[in-house]
Amino acid sequence: MDTNKDKYIGTMLDNRYEILELIGTGGMANVYKALCHRLNRYDAIKIMHDETAANEELRRRFRTESQAVAMLSHPNIVSVYDVSHSADVEYIVMELVNGITLKDYMKEKGPLPAEDVVNVSSQIAKALAHAHERGIIHRDIKPQNIMLLKDGLIKVADFGIASLQNQIEAPTEEAVGSVHYIAPEQARGQQADARSDIYSLGIVMYEMLTGQLPYNGDSAVEIAVKHMNATPVPPRSINSDIPQELENITLKAMNPSMEERYQSANDLLSDLEDYRKTMLAAKVHAKDADFDLSSASSDEEDVSVNDPADYRKRSSKAAFITAGIGIFIAVAVIFLVLNGKFLNGLFGNGEEVKIESFVGRYYEDVVNDSDMSQIYDFTVVYKPDTEHDYGIIISQTPKQGTVEYKNESKIKVTLVVSSGEMIPADGEVQIPEIEAGKTSAADAEALLSAAGLEVMIHEVNSEITEGYVVKISPESGDIVKTGSTVKLYVSIGPTVKMIKVPNLVGYSRDQAIEKLEAEGLSVGSIVGVDSELEAGTVIWQSVNPGGEVEVHTKIDIQVSNGPKSEG
């Protein structure tokens, strides 16, 4: 589409959203990048095509479903900020996401590693669980509707709108793309429910693991029939490196029988998180085993016991090593005695302990170590961290190398552990960094939710830009119990300015609009009515002259169509 000829580019919607460029097209609507002049923020705006907006029933459903989706608030869902209409324009204002689709990512990377599949699938499942709990079904989960951000966050787009779009669109390549992920009950024309979204997610998981779709065909009908009747090739038959447990989870999610599928997104998420723990524990233990094995092999020599010459060599080397160890121990003892460390450990402040490094290790291996527990008293604090898997220690206090003295009491050590995408219900968490005036309310809520914290929003008047954080309580960096409530104070701008509405009656349409804008108001609906007054003259306004309203309020007017002609 030639954006130079697009009628919306350069226009202003509701005296607020300046349309800058076309960034996406679809059968139902086009998506534009826009600048919100009120919040000085870039948004994405989806505007219905004129021919679609002409259908009153579709307009009504578009508005109803969009308003429902606007109630969703989750870090893994593309936010809908506003649903509005101006004259004959129906549009929704959404979060502008800077990322690529999962489909494009898979085209570039091919089959994804198991840990990446679990990470992506878990975030999608969280988004589905949040929506399903509020009665909203996506109906079109597919990689084209999954956005990957640079920081590893996954966002699901087009909640609640996809089903409407599918009914409007002609059978294009995009529509054929959707049928690859359609649930059998949807293919039969039955009502979709939460389990239908789970089936589609199962297909996405299959594609991520294998790099291919389970069902293909020459037409959308052929593919839909396969969803209803065919059995997919097991992922491990395509790639034997796929873990058996992850294959089981995938095949259960995409089971053609609704009763045999996961019955909720939370059920699927639970199995994914259990598998993540198993996978991580196996990885950590495998690393430990590799280390021990390599250490042992490096100390061995390939010698023949049948060769007398080798045996004389081995005896000499052993004697040399033994003598060396003896000398080292003697020097160490003398050093400790001369420096008072040895005696201090027996009679003074206690045994000197040099804190070792725990960073990079799995926390349960550390805190459950019987030798460690004789020395240290560990406190575990969880912190969201996208660079480390769940359970990995990312920092410690005291730091490595710090000298502490142990007598009857143990040395207290705090371990800051990555919570990954899962927040333990019985732990502690550090409140993430949220800057007043620089962090938007949406971003702050996402950070706090990701940390396993509840959010209570308080709107306050402030000189800080509307929609941005004024302060939080407790403050960033504080350590609180998982599930604690954090108060988020969000600016709604300065104290609301009230404006007296000017008299518009008797003025021309253009003069009335000019008077409103000069006062900081704007025109709402303009309706033409039969009148004896000259055509174009304002004969009515929705707020009486002198009445006080908030700045930017829309004032509806009626304009004369002119006297009816005789005869």
Side-chain angles (χ1 to χ4, degrees), residues 7-19 29 32 34-39 43 45-68 70 80-93 459 461 466 492-567:
K7 68 178 183 178
Y8 292 111
I9 302 296
T11 62
M12 188 83 75
L13 293 180
D14 288 335
N15 198 34
R16 176 174 181 177
Y17 301 106
E18 180 184 1
I19 308 299
Y32 300 86
L35 175 63
C36 173
H37 283 254
R38 188 175 300 174
L39 299 180
D43 294 326
I45 293 189
K46 178 174 283 191
I47 301 178
M48 287 185 76
H49 294 319
D50 292 343
E51 59 271 22
T52 305
N55 185 316
E56 186 57 38
E57 173 62 16
L58 292 178
R59 285 170 63 113
R60 183 191 66 78
R61 290 190 58 195
F62 176 83
R63 199 176 303 165
T64 301
E65 295 196 29
S66 299
Q67 287 171 341
V80 173
Y81 297 139
D82 194 12
V83 182
S84 188
H85 59 99
S86 176
D88 294 328
V89 180
E90 294 284 343
Y91 67 91
I92 59 175
V93 183
E459 294 183 335
N461 293 118
E466 180 183 352
I492 56 173
T495 304
V496 177
K497 182 180 179 182
M498 303 300 290
I499 298 174
K500 287 188 176 181
V501 178
N503 182 20
L504 308 176
V505 175
Y507 289 91
S508 69
R509 175 184 179 278
D510 291 342
Q511 288 173 330
I513 294 175
E514 185 177 347
K515 286 176 69 69
L516 287 172
E517 292 179 345
E519 295 293 338
L521 303 171
S522 60
V523 68
S525 64
I526 302 176
V527 179
V529 296
D530 294 333
S531 168
E532 295 300 318
L533 296 178
E534 181 181 351
T537 303
V538 176
I539 63 172
W540 175 87
Q541 60 190 79
S542 57
V543 180
N544 292 330
E548 290 193 341
V549 295
E550 293 181 11
V551 65
H552 303 306
T553 296
K554 293 179 182 179
I555 307 298
D556 300 329
I557 60 175
Q558 291 181 357
V559 177
S560 173
N561 291 330
K564 289 185 178 180
S565 58
E566 296 291 337

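Residues satisfying the side-chain contact (heavy atoms from CB on, under 4.5 Å) test with Thr553, not counting sequence neighbours, are Leu521, Val549, Glu550, Ile555. Taking the side-chain contact (heavy atoms from CB on, under 4.5 Å) definition, one finds that Glu532 meets it with Pro563, sequence neighbours left out. Scanning for side-chain contact (heavy atoms from CB on, under 4.5 Å) contacts around Glu18 gives Met12, Leu20, Leu35, His37, with sequence neighbours left out.
When all heavy atoms are compared, the tightest approach of Ala512 to Leu504 is O-CD2, 3.8 Å.
How far CD1 of Ile47 is from CD1 of Ile19: 4.5 Å, rounded to the nearest 0.5 Å. Put simply, NZ on Lys554 and CG on Asp14 are 3.0 Å apart, with the number rounded to the nearest 0.5 Å. From Ile45, atom CD1 reaches atom OH of Tyr17 across 6.0 Å, with rounding to the nearest 0.5 Å. The CD1 atom of Ile539 sits 13.0 Å away from the CD atom of Glu534 when rounded to the nearest 0.5 Å.
Counting only heavy atoms from C-beta outward, the side chains of Val93 and Leu13 never approach each other to under 4.5 Å. Counting heavy atoms from C-beta on, the side chains of Tyr91 and Tyr32 never come closer than 4.5 Å.
Among residues at least two apart or in separate chains, there is no side chain to side chain donor-acceptor pair (under 3.5 Å) pair with a member in residues 536-546. Under the salt bridge (charged side-chain N to carboxylate O under 4.0 Å, His left out) criterion, the residue pairs touching residues 521-531 are Asp530-Lys564, with sequence neighbours excluded. Applying the side chain to side chain donor-acceptor pair (under 3.5 Å) definition to pairs two or more places apart or across chains, those involving residues 501-525 are Ser508-Gln511, Ser525-Asp556.
Using a 4.0 Å cut-off between charged nitrogen and carboxylate oxygen, Asp43 and Arg16 do not count as a salt-bridge pair.
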